[in-house]
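Source: prediction; values computed, not measured.
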Number of protein chains: 4
Amino acid sequence: MDAQSPETNLSPWMPFESRRRARDEKREAVLRTAVRLFLEQGYHRVTLNDVAERLNITKPALYNYFRSKDEILFECWALGQEIVDEFIAEIDNGGGNALAKLRKLIQAYAEQMTTDSGASLVRFDARDLTAENQKIVRAAKKRIDRTFRKYLADGVADGSIKPCDPKLAAFAIAGSLNWIGHWYQRAGAWSAEAVASRFAAQLTEGLANDRPSKRGPGTPKKSRPAKGGRK
Amino acid sequence: MDAQSPETNLSPWMPFESRRRARDEKREAVLRTAVRLFLEQGYHRVTLNDVAERLNITKPALYNYFRSKDEILFECWALGQEIVDEFIAEIDNGGGNALAKLRKLIQAYAEQMTTDSGASLVRFDARDLTAENQKIVRAAKKRIDRTFRKYLADGVADGSIKPCDPKLAAFAIAGSLNWIGHWYQRAGAWSAEAVASRFAAQLTEGLANDRPSKRGPGTPKKSRPAKGGRK
Amino acid sequence: MDAQSPETNLSPWMPFESRRRARDEKREAVLRTAVRLFLEQGYHRVTLNDVAERLNITKPALYNYFRSKDEILFECWALGQEIVDEFIAEIDNGGGNALAKLRKLIQAYAEQMTTDSGASLVRFDARDLTAENQKIVRAAKKRIDRTFRKYLADGVADGSIKPCDPKLAAFAIAGSLNWIGHWYQRAGAWSAEAVASRFAAQLTEGLANDRPSKRGPGTPKKSRPAKGGRK
Amino acid sequence: MDAQSPETNLSPWMPFESRRRARDEKREAVLRTAVRLFLEQGYHRVTLNDVAERLNITKPALYNYFRSKDEILFECWALGQEIVDEFIAEIDNGGGNALAKLRKLIQAYAEQMTTDSGASLVRFDARDLTAENQKIVRAAKKRIDRTFRKYLADGVADGSIKPCDPKLAAFAIAGSLNWIGHWYQRAGAWSAEAVASRFAAQLTEGLANDRPSKRGPGTPKKSRPAKGGRK
DNA sequence: TATGAATGAGGCTTCATTCAT
DNA sequence: TATGAATGAAGCCTCATTCAT
């Protein structure tokens, strides 16, 4: 508490520590505000003044945290992408067959789409970024795409998913999910989780292999697939 | 047939006719060029100079055909919407049960998404338009959405489609389709028709009612809820 | 009417004659319309399109009658100036002492100010004209000014007007009169003539010499109203 | 007085104070420059570049102080109007009969007309302003007009002014005065005060009641005018 | 003579970014 | 670190004027 307190010993460091923390907090505050505005009004209609104003600071102050407007945009995007990368890693390293993983991925991705940082991923235009950052974004998008395709291909291979073109199927699924970022409103009738589980169910409904190979993995939901072998 | 041909009689009007035709052709040329550029680079990165340059005219010449940049954007959009409205009307008035209609709609909409004018519908940002035009766009989008929902609801009612939430299902389908406007490249591996029919098949795969009620449609959801009653 | 009619004899000329007349009429129509618009909205806010539109012709058609927008402005002004020059000449050559002439001038000028072509003289900005035309305008304005001063000086000399600075008095009078061009509305309560005679009376009221030298001219208003009681 | 003077105590605020002062000074500098240019060349011929150039700044810098070109025009006008409103209030609350007040008003107004800010009042075109600001200008003009009329009417009532139509007389006087704003040149032969007093004398010469009724001023329309003329 | 179309010139305004304080 | 002020770079739009028909 007093000058002798242990903390005081670190004092030469503390200011740095706490300053850095303060700085990071402000940085994040800027990003949160920016995401909100970018989503509400669109990147090009939002001026740095708008962002600053909503934060009760002045425009040049923003340059203490970011080097340019498009860097802010990029960081907004990165915030959302980070989460996606995390749950992809988690699912990827987790258990379950391909279909199960796909379901988990859909669920997680759908939920993410209902958040600001998730919507950023599909509503921001990468062409507003530096060439360099565009590459990063494209790589990330490809990563996501490949994950979807991999689960689909794996599923077809292990029999949990009906034969299909993984590429096209991935596009179909991704489209449905990305679209959430455009229509979902926090004020709407559905909770994020509800939407996510419905999508997980619905989007895999047509894919699940009702008549899996003998003892194939899965034996999905429906017992007695009935005769109607689909169409 | 010779110099005295009937057309020659109309010659006094020809200049008008042909001028008007020329005008309309130029207007359309402007729109085609604009759509292309807007899709390639994004509305805000395209200047009217860019558009004019690619047409080998000067910027102010554009104002002979349009009153403002956002009017051009709107007309680009309208071009695509017109087509959608047309095939919706056609399908709506055509035959087939709800599921069949839904398939036709998906097919047509998917094909449209592979064209420039179709992609316009989902890649342009309505907020770049006049408040008035925004209303028109919103109304059109609602029209499309309602059509999807109607077919789904009708299908559930007539038994051709498995019980499901039409609103959510419509979102899922629309998302998949709209997404085409973002990834489809004319240079890609698939033809527009191929993509469209695959989507029509895949997107309805999970919806089609495998075990329709004995005597044709018309014993919708209610009777014998059965176990499969989703949720 | 037929080939033998007297007019036919002149036929080689007639077309010219009538054409010229038609041309002049159109020219004047343009000017009338232009004056109106320039007064209503101000020269810079009126486009040649506005002028053409109100005449039900097209913009380039105007160039058949005038070489430029500022030429139109100049001709509008000239129309009004012509009238002023005329009545100045008339008054100048007419009879009466200096005070009488001054009154006549005020009356005529005031009336002119209530017309469109009169208002043009004081509401158009000469700086919108060619350097050359500006000179013409300045010369005309000087002409008017000199006339006022001359009558004043003459009046002081012949005793009909009280001693005063002719320059300043001319400015005062001209100001009052020019101002009419700004406030007078044809729809107002006063007729042009009424305004004019009131101004003629009022503006000379303070100038008329009540105690003229011996038998000087004018024994205005006060003592023994006499016959000269102005109208 | 010395470095420790009270002002020094406020030093922490000085930066703010001085900045604000600097800002205001610059704002006024812009206005002074703008008025000058607008009067010299006319509002439409002056570009913001011209204004900026003469101030040795760049065009967009002007937008730190004003929101638009027409706002600058309005503020120029307001600068002049403020002065008028002030001396009107002063005269109105001051002593003297109506004729005396009228003289004071004429004198002050005439002097004002010889300044840039005074000339602005009559040489700027209100139609260049926002609809909203046009209203303000019109209201101010009406205010001035009413003051002239009131003094005239009061003077007629209290007998200090000869019977006359206050409306018309006000127009005549205002015209003379406003005209000063068009012809007066600082480089000319007359000082502002000289012009003003001559005008005050001359314009009221014809109005002053030479032979007021024996007892008490005028026996105009109102029977028993009493001394308490009006108000 | 009249027109539709086109153009050159230019003006206002916006905004991301920098800089001195 | 934060700010007021300034700037450079554009962009949209307007309009008088010209030209081919």
Side-chain angles (χ1 to χ4, degrees), chain A residues 19 22-23 26 44-52 55-73, chain B residues 14-16 18-20 22-23 26-27 44-52 55-72, chain C residues 19 22-23 26 43-52 55-73, chain D residues 14-16 18-20 22-23 26-27 43-52 55-72:
Chain A
R19 259 203 219 164
R23 184 184 168 77
K26 284 186 198 164
H44 286 101
R45 269 173 300 276
V46 175
T47 75
L48 289 189
N49 244 340
D50 295 335
V51 178
L55 286 162
N56 287 316
I57 60 174
T58 60
K59 179 166 52 167
L62 294 172
Y63 283 84
N64 285 320
Y65 308 104
F66 302 94
R67 268 195 301 276
S68 66
K69 191 188 180 190
D70 69 79
E71 189 182 294
I72 296 182
L73 183 67
Chain B
M14 270 303 292
F16 286 131
S18 80
R19 267 210 192 163
R20 219 179 38 132
R23 185 183 173 76
K26 281 188 202 159
R27 230 185 98 101
H44 285 101
R45 268 171 303 277
V46 175
T47 74
L48 289 190
N49 244 339
D50 295 336
V51 178
L55 287 163
N56 287 316
I57 59 174
T58 59
K59 181 168 47 168
L62 293 172
Y63 285 85
N64 276 323
Y65 307 102
F66 304 95
R67 270 195 301 274
S68 66
K69 191 188 180 190
D70 70 78
E71 188 182 296
I72 297 183
Chain C
R19 261 203 217 164
R23 187 185 166 75
K26 283 188 198 164
Y43 178 69
H44 286 102
R45 268 172 301 276
V46 175
T47 75
L48 289 189
N49 244 340
D50 294 336
V51 178
L55 286 163
N56 287 317
I57 60 174
T58 61
K59 180 168 49 167
L62 294 172
Y63 284 83
N64 285 320
Y65 308 103
F66 303 94
R67 268 195 303 277
S68 66
K69 191 189 181 189
D70 69 77
E71 188 182 295
I72 297 181
L73 183 67
Chain D
M14 269 305 290
F16 287 132
S18 80
R19 266 209 193 165
R20 218 177 41 130
R23 184 182 174 77
K26 282 188 201 160
R27 231 186 96 102
Y43 177 70
H44 286 102
R45 268 172 302 277
V46 175
T47 74
L48 289 189
N49 243 339
D50 294 335
V51 177
L55 286 162
N56 287 317
I57 59 174
T58 60
K59 182 168 45 168
L62 294 172
Y63 284 83
N64 276 324
Y65 307 101
F66 304 94
R67 270 195 301 274
S68 65
K69 192 188 180 189
D70 69 76
E71 188 181 297
I72 296 182

Watson-Crick or G-U pairs under 3.5 Å in DNA chain E, rendered as dot-bracket with [ ] for crossing pairs and | for another strand: .||||||||||||||||||||

Spacing of A:I72 atom CD1 and A:R67 atom CZ [to the nearest 0.5 Å]: 11.5 Å

Using whole Å, report how far CZ of B:F66 lies from P of E:dA6. 12 Å

Would you say the side chain of C:K59 and the base of F:dT17 hold a donor-acceptor pair, judged only by whether the two atoms sit under 3.5 Å apart? yes

Start with the C-alpha gap between A:L48 and A:Y63, add the side-chain angles, then the distance that decides, and say whether side chain to side chain contact (heavy atoms under 4.5 Å, CB included) holds. CA-CA 10 Å; A:L48 289 189; A:Y63 283 84; 3.4 Å; yes

Please tell me which of the listed nucleotides, E:dA2, F:dT14, E:dG4, lies nearest to the side chain of C:A61? E:dA2

Rounded at 0.5 Å granularity, tell me how far CG in A:L55 sits from CG in A:L62. 7.0 Å

Please report, rounded to the nearest Å, how far the P atom of E:dA6 is from the CG atom of B:N56. 12 Å

Presence of A:N64 side-chain N/O under 4.0 Å of F:dA2 phosphate oxygens OP1/OP2: yes

From CZ of C:R67 across to P of F:dT18 the rounded distance in Å is 11 Å

Base, sugar-phosphate, or nothing: which does C:V51 touch, judged by heavy atoms less than 4.0 Å apart? nothing

For C:Y65, report the nucleic acid contact type (base, sugar-phosphate, nothing); a contact means any heavy atom under 4.0 Å. sugar-phosphate

Where the side chain of D:K69 is defined as all heavy atoms beyond and including C-beta, which of E:dT17, E:dT13, E:dT7 is the nearest nucleotide? E:dT13

Among F:dT7, F:dA2, F:dC12, the nucleotide that comes nearest once only the side chain of B:L48 is considered: F:dC12

Tell me whether the OP1 or OP2 atom of E:dA2 has a side-chain N or O from C:K26 closer than 4.0 Å. yes

Closest-nucleotide 5' rank along DNA chain E - winner of D:R45 and A:T47: D:R45

Over all atoms of both residues, closest heavy-atom pair of B:K26 and B:Y65: CD-OH, 3.2 Å

For B:D50 and F:dA10, give me the distance from atom CG to atom C1', rounded to whole Å. 12 Å

Is the Lys NZ or Arg CZ of D:K69 less than 6.0 Å from the centre of D:Y43's six-membered ring, within 45° of the axis? yes

Could you work out which one of E:dT3, E:dT14, F:dG4 sits closest to the side chain of D:P60? E:dT14

Taking side chain as C-beta onward, heavy atoms only, is A:V46 less than 4.5 Å from A:V51? yes

Could you tell me how far apart C:D70 (CG) and F:dA16 (C1') are, to the nearest whole angstrom? 10 Å

For A:N49 and F:dA6, give me the distance from atom CG to atom P, rounded to whole Å. 16 Å

Can you find a side chain N or O atom of C:R23 that sits less than 4.0 Å from OP1 or OP2 on E:dT1? yes

Write down the atom of A:R23, the atom of A:N64, and the distance for their closest heavy-atom approach. NH2-O, 2.7 Å

Just how far, in rounded Å, is P of F:dT18 from CD1 of B:I57? 21 Å

Check the distance between E:dA9's P and B:Y63's OH and give it to me in whole angstrom. 18 Å

